[in-house]
Asks: 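Please find one structure pasted underneath; my questions will follow.
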Amino acid sequence: MSQILPGTKTTRMELLRLKNRKRLAERGHNLLKEKRDSLIMEFFNAIAEIKEAREQVEEALSIAFSALTQAKMIMGPSRVVEFAQASKTKADLSINTRSMMGVRVPVLSLDHQEPKLPYSLPDSSVKLDTMSTKFCEALKAIIRLAEVESTVKRLALEIERTKRRVSALENVVIPRLDNTVRFVKLALEEREREDFFRIKMIRDRITE
Amino acid sequence: MSSDKIAVIGDRDTVTGFQMAGVTDISTPSNPEETRNSLIQYFRDPRMGLIIITEPLAVEVEDTILELSEAPIPVILLIPDRQGATGAYESVLKELIRRAVGIEIHV
């Protein structure tokens with residue numbers, strides 16, 4: 001770990017440049033640490049949201065399934081399947097992204113298009129319509145859940161990446177720069193002492 | 001990217017219900033191999049935005065789902081079927097959380 005950067009020249013210019021780089025690295029380190037902390041905070045908020053959305057989905061689905069059972073009881077399973085296949089409702093998903101601290105998270109929205117009923121009213125039971133609306137509601141809840149879940153996923157990936165960067169700076173880049181700065185400083189001081197000594201020797205020789 | 005499709009993989013009841021709600025891409029696989037195939041087929045569709053799969057089917061192909069979940073789009077979502085929730089979705093999430101924060105968290 002305690003290496004110095006290869007190819008460093010022991011000059012004053014290099015020392016100044018190294019010091020600047022070290023300052024930059026430290027600033028970046030602090031910023032990344034703050035970013036990581038706030039990402040983790042967001043992450044926990046999103047997890048709480050997932051739990052809530054998940055409960056909503058489960059509730060909506062259980063209502064929808066009981067409506068389905070009722071429709072099947074009244075109309076018979078194969079008729080329900082038949083009507084479902086004839087359904088002209090269209091559900092389109094639109095995906096936008098918004099940025100949350102530099103992480104692009106998706107925003108999902110559903111647009112339902114319900115043209116006029118494709119099946120005949122006398123042939124179908126009212127339960128079929130109930131079931132249709134219940135499933136639409138369930139789908140909406142599911143889409144909210146999908147949004148939150150993929151937000152959490154992306155946040156998790158970003159946190160992982162940020163953590164890695166923070167620790168790389170902390171454990172590799174900054175110590176290495178530190179060592180290089182020390183090395184250059186020592187070399188410069190050594191050279192100064194040599195120069196000083198040389199001048200003294202020359203003075204002694206001249207004054208002899 | 002403006003309008004993306006939704007796909008449902010599940011048992012007949014689930015699929016019927018979502019057909020009523022307007023989902024057009026559906027599949028009712030009868031064994032894990034078919035589940036995997038339809039999952040991958042939907043995943044490869046560039047217009048696909050969301051894949052909904054029921055928990056009992058998802059358990060059989062959990063490794064594939066974990067692998068495909070790496071990609072941001074399409075979102076793969078596990079939902080309970082008519083038998084109710086089994087908690088299978090947690091294992092997918094937990095793995096992500098464990099990697100991100102370094103500890104296990106109960107959602």
Asks: What part of B:Leu77 gets within 4.5 angstrom of chain A, counting heavy atoms only: side chain, backbone, both, or neither?
Replies: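 Just the side chain, heavy atoms under 4.5 Å.
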
Asks: Answer with side chain, backbone, both or neither: which region of B:Ile6 has an atom nearer than 4.5 Å to a non-hydrogen atom of chain A?
Replies: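 Just its side chain gets close to chain A.
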
Asks: Find the one option among A:Leu39, A:Thr69, A:Ile40 whose heavy-atom pairs under 4.5 Å with chain B are most numerous.
Replies: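 With the most close heavy-atom pairs to chain B, the winner is A:Thr69.
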
Asks: Under 4.5 Å from any heavy atom of chain A, what part of B:Ile26 do you find: side chain, backbone, both or neither?
Replies: neither

Asks: Using non-hydrogen atoms and a 4.5 Å limit, figure out which bit of A:Ile142 sits close to chain B: side chain, backbone, both or neither.
Replies: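 When you check distances to chain B, atoms from both the backbone and side chain of A:Ile142 fall under 4.5 Å.
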
Asks: Before accepting this row, confirm whether a basic side-chain N of the pair A:Glu147/A:Arg98 lies closer than 4.0 Å to the acidic partner's carboxylate O.
Replies: no

Asks: Quick one about B:Asp13 and B:Thr16 (side-chain donor to acceptor, distance below 3.5 Å, no hydrogens or angles considered), yes or no?
Replies: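 B:Thr16 vs B:Asp13: no donor-acceptor pair found between side chains.
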
Asks: Do we see a donor-acceptor contact under 3.5 Å between the side chains of A:Arg182 and A:Asn179?
Replies: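 A pair is found: one side chain offers a donor N or O, the other an acceptor, under 3.5 Å apart.
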
Asks: Is chain B contacted by the side chain of A:Lys134, its backbone, both, or neither, given a heavy-atom distance below 4.5 Å?
Replies: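 Neither part.
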
Asks: Can a donor-acceptor pair be found, under 3.5 Å and without considering hydrogens, that links the side chain of B:Glu34 to the backbone of B:Ser30?
Replies: yes

Asks: Flag the pair A:Arg164 and A:Glu160 as a salt bridge only when some basic side-chain nitrogen lies within less than 4.0 angstrom of an acidic carboxylate oxygen.
Replies: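 Looking at A:Glu160 together with A:Arg164, the answer is yes, because their closest N to O distance falls below 4.0 Å.
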
Asks: Is A:Ala64 in contact with chain B via its backbone, its side chain, both, or neither, using a 4.5 Å heavy-atom distance?
Replies: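 A:Ala64 has no heavy atom closer than 4.5 Å to chain B.
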
Asks: Against chain B, work out which of A:Leu139, A:Thr162, A:Ile159 has the most heavy-atom pairs shorter than 4.5 Å and name it.
Replies: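 Answer, by heavy-atom pair count under 4.5 Å with chain B: A:Leu139.
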
Asks: Looking at A:Ala146, A:Ala67, A:Cys136, which one has more heavy-atom pairs under 4.5 Å with chain B than the rest?
Replies: A:Ala146

Asks: Tell me which of these, A:Leu61, A:Thr133, A:Leu155, has more heavy-atom pairs under 4.5 Å with chain B than the rest.
Replies: A:Leu61

Asks: For residues B:Phe18 and A:Phe135, report the shortest heavy-atom separation together with the two atoms involved.
Replies: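 Closest heavy-atom pair between B:Phe18 and A:Phe135: N-CD2, 3.9 Å.
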
Asks: Ignoring hydrogens and geometry, is there a side-chain-to-backbone donor-acceptor pair from A:Arg191 to A:Thr10 under 3.5 Å?
Replies: yes

